[in-house]
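Here is how names work: the chains are called A, B, and so on, in the same order as the sequence lines, proteins then strands, and each is numbered from 1.
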There are 2 protein chains.
Amino acid sequence: MYRIGELAKACDINNDTLRFYEKNALLSPSSRSESGYRLYTEKDKEILQFILRAKGVGFTLAEIRELLSIEVNKADNACADVKILVDTKLADVERKLAELTRFQTSLKRLSDACCGGEESAEHCTILEALESNTNNVRHEHHHD
Amino acid sequence: MYRIGELAKACDINNDTLRFYEKNALLSPSSRSESGYRLYTEKDKEILQFILRAKGVGFTLAEIRELLSIEVNKADNACADVKILVDTKLADVERKLAELTRFQTSLKRLSDACCGGEESAEHCTILEALESNTNNVRHEHHHD
DNA sequence: CTTGACCTATGATCTAGATCTAAGGTTTAT
DNA sequence: ATAAACCTTAGATCTAGATCATAGGTCAAG
Ligand SMILES: [Zn+2]
Ligand SMILES: [Zn+2]
Ligand SMILES: [Zn+2]
Ligand SMILES: [Zn+2]
């Protein structure tokens with residue numbers, strides 16, 4: 001049996017995070033001591049580790065709640081149910097990747113077009129690109 | 001001169017967003033009507049478009065505030081100052097890309113290892129991977 | 001002259017995932 | 001027996017970027 005501080009330390013998280021997970025129906029201690037302290041079992045610890053691993057691959061707590069509800073009742077769920085959660089998340093991650101990749105491309109183009117020197121920014125291509133209504137940054141050098 | 005609703009509509013944002021930008025020192029209307037209505041000039045509109053373009057390449061509002069403070073005082077800033085902002089942001093975006101790519105890899109591995117069929121999830125490799133303390137998902141099939 | 005669209009200011013609410021505070025009770029060690 | 005460390009609860013705070021609610025003032029059309 002772990003008290004909150006022991007489990008938190010063992011899993012390298014904050015005590016408050018465990019209370020937060022409890023309030024948000026992710027993990028409740030199996031019992032309480034006479035004085036009301038939370039008491040976690042080995043099984044509880046395994047569930048916590050499940051949560052932390054799921055976080056580690058990108059799942060939100062809401063998604064982890066779904067995973068856990070399958071986990072505790074495996075027999076009544078199909079592989080398909082689990083895989084859908086993973087594939088939905090994967091699509092989500094790939095959408096975010098696409099957006100960030102667009103950012104990366106734009107920023108690289110901006111960076112490459114700017115000399116980065118100590119000259120006045122009056123003709124800086126970066127600022128010009130942000131001022132203008134074109135998306136394209138011309139790569140010609142800007143200082144006379 | 002645009003009133004708040006006119007400028008907001010022209011730039012496809014919410015009136016409240018303009019008030020929010022004003023409160024957060026990004027864009028203030030050049031003047032007010034006698035009755036206190038915000039009045040935006042063409043110049044104000046251009047600044048707003050600058051802000052929206054900067055958002056479009058991934059800058060946060062705090063970063064845009066910095067860009068704007070250079071923009072309004074170009075002569076006293078160097079290309080280097082602008083480029084540093086872009087390169088810092090680029091590094092930031094690339095860190096996030098790296099994390100998402102890790103998520104993508106893990107999720108793909110999980111997805112590929114699961115049959116996704118209608119069989120009970122009792123031996124689902126995805127759940128097994130999240131239960132176990134190994135990072136590796138074995139690709140062997142899981143149902144007997 | 002009244003309806004409806006638009007505007008004002010201030011402050012609350014939302015998401016997500018915690019973290020922190022306050023006021024107090026418990027346990028352990030010295 | 002008393003200090004330190006730990007625990008309890010409820011509720012506030014934080015980031016970021018808005019959006020919404022409230023209560024009221026302004027303006028154009030019919
Ligand atoms: Zn330059
Ligand atoms: Zn430049
Ligand atoms: Zn299967
Ligand atoms: Zn499976």
- Evaluate the side-chain proximity of C114(A) to T125(A): yes if any heavy-atom separation is below 4.5 Å, no if none is. yes
- Is there a side-chain contact between R65(B) and N24(B), using heavy atoms and a 4.5 Å cut-off? yes
To the nearest angstrom, how far is [X] atom [atom1] from [N] atom [atom2]?
| X | N | atom1 | atom2 | result |
| --- | --- | --- | --- | --- |
| D92(A) | dT15(C) | CG | P | 17 Å |
| I13(A) | dG17(C) | CD1 | C1' | 12 Å |
| Y21(B) | dT19(D) | OH | C1' | 12 Å |
| E6(A) | dC7(D) | CD | P | 7 Å |
| I64(A) | dA18(C) | CD1 | C1' | 13 Å |
| R19(B) | dT13(C) | CZ | C1' | 17 Å |
| N15(B) | dC6(C) | CG | P | 9 Å |
| E34(A) | dT27(C) | CD | P | 8 Å |

OP1 or OP2 of [N] under 4.0 Å from side-chain N/O of [X]:
| X | N | answer |
| --- | --- | --- |
| R32(B) | dA9(C) | yes |
| S35(B) | dT8(C) | no |
| N24(A) | dG17(C) | no |
| T17(A) | dG17(C) | no |

- D112(A) with R109(A): basic N within carboxylate O range, under 4.0 Å: no
- Query: Does K23(B) or G5(B) map to a spot on DNA chain C nearer the 5' end, using the closest nucleotide for each?
  - Reply: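 The residue mapped nearer the 5' terminus is G5(B).
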Minimum-distance nucleotide (side-chain atoms of [X] versus [options]):
| X | options | result |
| --- | --- | --- |
| N14(B) | dG17(D), dA18(C), dC20(D) | dC20(D) |
| I4(A) | dT8(D), dA9(C), dG17(C) | dT8(D) |
| R38(B) | dG17(C), dT8(C), dA18(D) | dT8(C) |
| F20(B) | dG17(D), dA18(C), dA9(C) | dG17(D) |
| D16(B) | dC7(D), dA18(D), dC20(D) | dC20(D) |

When we call it a touch if two heavy atoms are under 4.0 Å apart, what does [X] touch: a base, just sugar-phosphate, or nothing?
| X | value |
| --- | --- |
| K55(A) | sugar-phosphate |
| S33(B) | nothing |
| R3(A) | sugar-phosphate |

- Message: Given 3.5 Å as the limit, does a donor-acceptor pair link the side chain of K74(B) with the main chain of A121(A), or not?
- Response: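 No, because the side chain of K74(B) does not come within donor-acceptor range (under 3.5 Å) of the backbone of A121(A).
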- Message: Check whether D92(B) reaches the backbone of K89(B) with its side chain - one donor and one acceptor, N or O, closer than 3.5 Å.
- Response: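 No; zero donor-acceptor contacts below 3.5 Å.
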- Message: Going by side-chain contact (heavy atoms from CB on, under 4.5 Å), E99(B) matches just one of R95(B), K96(B), R102(B). Which one?
- Response: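 Considering R95(B), K96(B), R102(B), a side-chain contact (heavy atoms from CB on, under 4.5 Å) with E99(B) is found only for R102(B).
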- Presence of donor-acceptor pair under 3.5 Å, side chain of Y37(B) and base of dG25(D): yes
